[in-house]
Amino acid sequence: MLRQSLGETRSSIRDRHAVLSADSHERTTLPKWAGAEVVFTISPQMGAQFSQYFAHMEAGGRADAPLAGVARFAMVLDGAISLEHGDGKQTLGPESYAYLPAGYDHKIHASSASRLVVFERRFLPLAGAEPPYPVIGEVGSVEAVPADGDTRLMFRKLLPTEVAFDCEFNVMDFSPGASLPYVETHFMEHGLLMLNGGGIYRLDDNWYPVEEGDVIWMGPYCPQWFGALGEGHARYLLYKTWNRDPLSTNAK
Ligand code: UGY
Ligand code: MN
């Protein structure tokens with residue numbers, strides 16, 4: 001095997017944030033993911049309160065529901081899967097996604113060789129609120145709205161905003177040269193996947209070049225800012241804790 005570098009990688013794992021580039025991915029297998037290899041880019045072992053991973057499924061590969069009490073969000077990146085669940089069976093292709101609440105039985109079946117990004121989070125119920133329901137959709141069918149009136153930064157909210165949901169998944173779309181308007185600091189946590197394009201991500205006091213396929217973990221209060229520097233649009237999928245008081249916790 002060719003040695004590609006002298007111990008170099010763009011991956012950087014710090015106390016409150018991490019950037020993970022594809023060159024450092026370590027594949028493993030899991031009993032729940034038959035005929036698949038998984039790469040856990042973000043997990044509680046790192047200090048996060050959720051997991052984010054890639055599932056590389058061979059045709060015919062199958063996955064079962066996650067651990068008890070854990071909700072799952074999965075988006076197809078390449079290939080096609082069939083999702084079998086209480087309300088039927090659906091085929092999901094690239095940029096189709098499913099939010100599957102904790103305790104909602106389902107099976108994922110790869111119709112062809114497929115690549116998915118999966119987020120799992122221990123659900124945090126809200127007293128008096130109904131539990132969330134499954135949501136299945138496609139990024140392209142969700143309305144894009146300008147962030148704070150800036151049409152050079154559009155976002156799509158993939159999940160309903162109702163209080164039943166304890167997190168959100170958004171696709172942020174930056175025109176070339178657009179940026180987040182200010183350095184954000186917030187108690188909510190993020191997991192991010194660069195879908196296209198690239199730019200510079202500021203995390204704490206570090207500035208990282210990022211490109212398609214990169215994953216970022218932003219822990220609570222990690223100062224964050226992004227500027228899109230490529231010639232084309234930069235788009236990322238962003239998980240964010242949402243609708244829950246900072247004094248409530250799902251940490252175990
Ligand atoms: O919604 C957000 O917190 C988002 N603007 N953060 C980010 O893109 N890093
Ligand atoms: Mn943010």
Side-chain angles (χ1 to χ4, degrees), residues 10-21 41-42 46-52 71 73 75 95 97 99 117 119 121 124 135 137 139 142-163 165-230 232-246 248-250:
R10 288 188 301 107
S11 292
S12 175
I13 295 157
R14 306 290 178 101
D15 288 347
R16 289 197 308 179
H17 73 260
V19 176
L20 295 110
S21 54
T41 46
I42 302 178
M46 169 189 271
Q49 289 180 21
F50 66 102
S51 291
Q52 179 177 335
F73 176 94
M75 181 187 278
E95 298 218 350
Y97 61 87
Y99 171 81
V117 59
F119 298 74
R121 157 182 173 81
L124 187 53
V135 178
V139 173
V142 178
E143 190 195 359
V145 293
D148 298 326
D150 178 2
T151 54
R152 296 181 339 122
L153 173 47
M154 305 291 285
F155 72 98
R156 292 181 156 89
K157 278 187 178 291
L158 307 187
L159 294 189
T161 53
E162 299 160 28
V163 295
F165 293 84
D166 65 348
C167 60
E168 61 175 4
F169 289 88
N170 301 330
V171 171
M172 318 260 307
D173 185 336
F174 297 76
S175 293
S179 68
L180 288 177
Y182 54 91
V183 179
E184 299 176 10
T185 54
H186 50 64
F187 76 88
M188 297 81 92
E189 198 176 13
H190 285 311
L192 178 155
L193 170 64
M194 285 303 299
L195 296 171
N196 321 98
I200 294 288
Y201 229 103
R202 177 189 171 162
L203 301 165
D204 283 309
D205 293 332
N206 306 273
W207 279 255
Y208 298 96
V210 292
E211 62 185 37
E212 182 176 327
D214 286 352
V215 167
I216 298 177
W217 168 55
M218 291 170 246
Y221 288 106
C222 169
Q224 55 200 253
W225 177 87
F226 176 67
L229 290 185
H233 281 230
R235 282 193 323 143
Y236 55 72
L237 170 65
L238 188 70
Y239 154 84
K240 184 177 188 176
T241 16
W242 185 244
N243 276 333
R244 295 295 183 268
D245 190 287
S248 58
T249 176
N250 66 356

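Since we're looking at a predicted model, the values are computed, not measured. Ligands are counted one by one from 1 in listed order, and the atoms in each one are counted from 1 as well. Values reported hereafter were calculated over all heavy atoms of this structure, with side chains retained and with hydrogens, waters and symmetry mates removed.
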Item to check | L238 contact mode with ligand 1 (heavy-atom cut-off under 4.0 Å) | outcome: side chain

Checklist outcome for this item: Here the atoms of ligand 1 under 4.0 Å from any heavy atom belonging to L180 are 5 (N), 7 (C), 8 (O), 9 (N)

Checklist entry - Going by the atom numbers of ligand 1, which of them fall below 4.0 Å from some non-hydrogen atom of Y236? => result 7 (C), 8 (O), 9 (N)

Checklist entry - Taking the six-membered ring for Trp, are the ring centroids of Y239 and F50 within less than 6.0 Å of each other? => result yes

Checklist entry - Just by distance, with hydrogens left out, do Y201 and H17 show a side-chain donor and acceptor under 3.5 Å apart? => result no

Checklist entry - Is there any N or O on E168 that sits under 3.5 Å from an N or O of ligand 1? => result no

Checklist entry - Heavy atom of Y201 under 4.0 Å from ligand 1? => result yes

Checklist entry - If you measure from each heavy atom of H186 to ligand 1, is any distance below 4.0 Å? => result yes

Item to check | Least distance between heavy atoms, P176 atom then H233 atom | outcome: CD-CD2, 3.8 Å

Item to check | Metal check, the Mn ion (ligand 2) vs M218 N/O/S, cut-off below 2.8 Å | outcome: no

Item to check | N/O donor-acceptor pair under 3.5 Å between R244 side chain and V163 backbone | outcome: yes

Checklist entry - For the Mn ion (ligand 2), what is the closest N, O or S atom on E184? => result OE1

Next on the checklist: If you consider just the N/O/S atoms, which atom of H186 is the closest one to the Mn ion (ligand 2)?
Outcome noted: NE2

Checklist entry - Would you call the rings of F119 and F73 parallel, tilted or perpendicular, where under 30° means parallel and over 60° means perpendicular? => result perpendicular

Checklist entry - For D245, does the CG atom have more than 12 heavy-atom neighbours from other residues, nucleotides or ligands under 6.0 Å away? => result yes

